[in-house]
Amino acid sequence: MAREYAENTREHTTIKSEQKPGFLDRLSDTAGGMLVGLLTFSLSFYLLFTNEGRAVRVAASLDEGLSVVLPIGNIHRVDPQNEAKLVHVSGFLQTSKPLYDPNYGVTMHCVKLKRQVEMYQWVEYEESKEYEENGEKKTETRYTYNTEWKSEVVSSRHFDREIAHRNPSAMAVESFTAVAADVQVGSYYLSTGLIDKIENFKQLSLAQMGNPHTDVTAEGNYFYQSANPKNPEVGDLRISFWYAGVSIGGSSSGSVDTVSILARQRGGELVSYKTKTGDQLELLYLGRHTAEEMFLAEHQSNMMKTWALRAAGWLMMFVGISLMAKIFHTLVDWFPIVRDLVNLGIKLFALCVSASLSLLTIAAGWLIYRPLLSLALSAGAIGIIFLARSRVPSKKYQ
């Protein structure tokens, strides 16, 4: 194994030297960072404020959907009385005919059949470190080249050393995904939006299949276009197949997939349902789930997304403030002790201000919907400022 790694991996190191930047150069770089910080700081307010409105709107849409949803017991008959209503349907997936790849003779009853092509290529990895020596700033960069299977073409034109590491500019065979034209659950046809949600891809076993062409070798779960699959060369291909949404007629490769759907009935088709807030409800879950379970899962997903965007907004604000205040660090970076103290002070300042402003922005987003919660968040934001001020010694004791 160690010998194989040594044969397929190459590396070299380069060192670049440049004069240590002067004070004016560092000040110029800091000014550019301040502009980036100002932009990041401004965008954080937009993200935090709009995220709260989005969270409230989505929650209201889900509550509305739960109050009007109509469970369908008999999915094999379309009831005209349910026209334009939000319905809940559960049943087996069904397609009119199997999907087929004529190039490799692979066929299967499923909603999606994906051919994934990978090429054996050189990949460059770069690792750099900076240090000072003899008054110069030096950058030592270590380049490592390894051969790997990649599903995208890796351009070798931008390698530090392209010689002996050249990759083909294109693949002889392209990846593609075939999608069933008609997908049903009982007598109901699924819209394109619902079909797009079927993404439970599993790899198809090719072990029992023969070689589809003379230049293709079947081994394990792959077709290889290689003279020696166990010792491939750069430019060789391997092809795998993945399927999603096993439908009636394709149970030989696994059990038929069951789905649960929340959507609007339009004739014999299930499409998106528009709520009063303007959101679209068009949900598909794998397995059998009640409408209540699906709405509860969506509420939980909405909450997780809301907190993730809150964290992202706070982080953007923290980074923005840090970049804008970095000029104070630049002014004293010639004095190590003072520089470290100023750096610590900037981080604490950015932490307190970003936390306080984030809470105030979130509070503004809730002001119309929940005034009491908004006031509580505002009080918390002001409390952070007072807490930070109380930690600073007064001038009398300084």
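Just so we're clear, the structure is a prediction, and the values are computed from it rather than from any experiment.
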Check the pair Ile72, His88 against side-chain contact (heavy atoms from CB on, under 4.5 Å), reporting the backbone distance first and the verdict last. CA-CA 6 Å; Ile72 301 297; His88 171 256; over 6 Å; no
Quick one: do Thr275 and Arg57 satisfy side-chain hydrogen bond (donor to acceptor under 3.5 Å, both in side chains)? Show the steps, please. CA-CA 10 Å; Thr275 64; Arg57 187 181 66 252; over 6 Å; no
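- Between Tyr143 and Tyr125, the ring centre distance reaches or exceeds 6.0 Å.
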Give the C-alpha distance, both sets of side-chain angles, the deciding distance and a yes or no for side-chain contact (heavy atoms from CB on, under 4.5 Å) between Asn82 and Asp79. CA-CA 6 Å; Asn82 299 330; Asp79 190 346; 3.5 Å; yes
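- One hydrophobic cluster holds both Leu62 and Tyr285 under the rule that ILVMFWY side chains link at heavy-atom gaps under 4.5 Å.
- The NE2 atom of His165 sits 10.0 Å away from the CG atom of Asn146 when rounded to the nearest 0.5 Å.
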Salt bridge (charged side-chain N to carboxylate O under 4.0 Å, His left out) evaluation trace for Glu282 with Lys197: CA-CA 10 Å; Glu282 191 177 30; Lys197 297 179 185 297; 5.6 Å; no
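- Rounding to the nearest 0.5 Å places NZ of Lys114 at 10.0 Å from CD of Gln203.
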I would like to know whether Thr107 and Asp101 meet side-chain contact (heavy atoms from CB on, under 4.5 Å); could you show each step before the answer? CA-CA 6 Å; Thr107 181; Asp101 186 327; over 6 Å; no
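- Contact between Ser272 and Arg264 at its shortest, heavy atoms only, is O-NE, 3.2 Å.
- Taking both residues in full, the closest heavy atoms of Leu286 and His289 are given as O-NE2, 2.8 Å, listed atom of the first, atom of the second, then distance.
- Looking at Thr306 and Met303, their side chains never come closer than 4.5 Å, going by heavy atoms from C-beta outward.
- Between Ser260 and Gly287, the shortest heavy-atom distance links the atoms OG-O, 2.7 Å.
- Under the side chain to side chain contact (heavy atoms under 4.5 Å, CB included) test applied with Arg115, the options Thr177, Val106, Val173 reduce to a single match, Val173.
- Closest approach of Cys110 to Tyr243, counting heavy atoms only: SG-CB, 4.0 Å.
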Under the side-chain contact (heavy atoms from CB on, under 4.5 Å) rule, what do Leu48 and Glu52 come out as? Steps first, then yes or no, please. CA-CA 7 Å; Leu48 288 169; Glu52 302 307 314; 5.6 Å; no
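- Residue Thr95 holds its OG1 atom at 9.0 Å from CG of Asp182, rounded to the nearest 0.5 Å.
- In this structure, Asn200 contributes its side chain and Gly245 its backbone to a donor-acceptor pair below 3.5 Å.
- The number of heavy-atom neighbours closer than 6.0 Å to OH of Tyr46, taken from other residues, nucleotides and ligands shown, is 12 or below.
- To the nearest 0.5 Å, the span separating CE on Met171 from CD on Gln225 amounts to 11.5 Å.
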Could you walk me through whether Asp236 and Ser226 pass the side-chain hydrogen bond (donor to acceptor under 3.5 Å, both in side chains) check? CA-CA 5 Å; Asp236 288 351; Ser226 170; 2.8 Å; yes
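- Both Val87 and Leu190 are members of a single hydrophobic cluster when ILVMFWY side chains are connected at heavy-atom separations under 4.5 Å.
- For the ring-ring contact (aromatic ring centres under 6.0 Å, His included) test with Tyr120, the passing option among Tyr222, Tyr224, Trp149 is Trp149; the others fail.
- One side chain, Thr141 or Ser128, offers a donor N or O that lies under 3.5 Å from an acceptor on the other.
- Phe159 has its ring centre less than 6.0 Å from the ring centre of Tyr145.
- Between Leu206 and Asn221, the shortest heavy-atom distance links the atoms CD1-O, 3.5 Å.
- Side chains of Phe201 and Glu199 form a contact here, defined as non-hydrogen atoms less than 4.5 Å apart.
- Between atom CD of residue Gln300 and atom CG of residue Asn302 there is a gap of 11.0 Å, rounded to the nearest 0.5 Å.
- Once rounded to the nearest 0.5 Å, the distance linking NE2 of His109 with CD of Gln94 reads 10.0 Å.
- Under the 4.5 Å side-chain heavy-atom criterion for ILVMFWY residues, no single connected hydrophobic cluster contains both Val78 and Tyr189.
- Salt bridge present: Glu148 and Lys150 bring a charged side-chain N and a carboxylate O closer than 4.0 Å.
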Verify side-chain hydrogen bond (donor to acceptor under 3.5 Å, both in side chains) between Ser61 and Thr277, making sure each step is shown before the conclusion. CA-CA 6 Å; Ser61 296; Thr277 61; 2.5 Å; yes
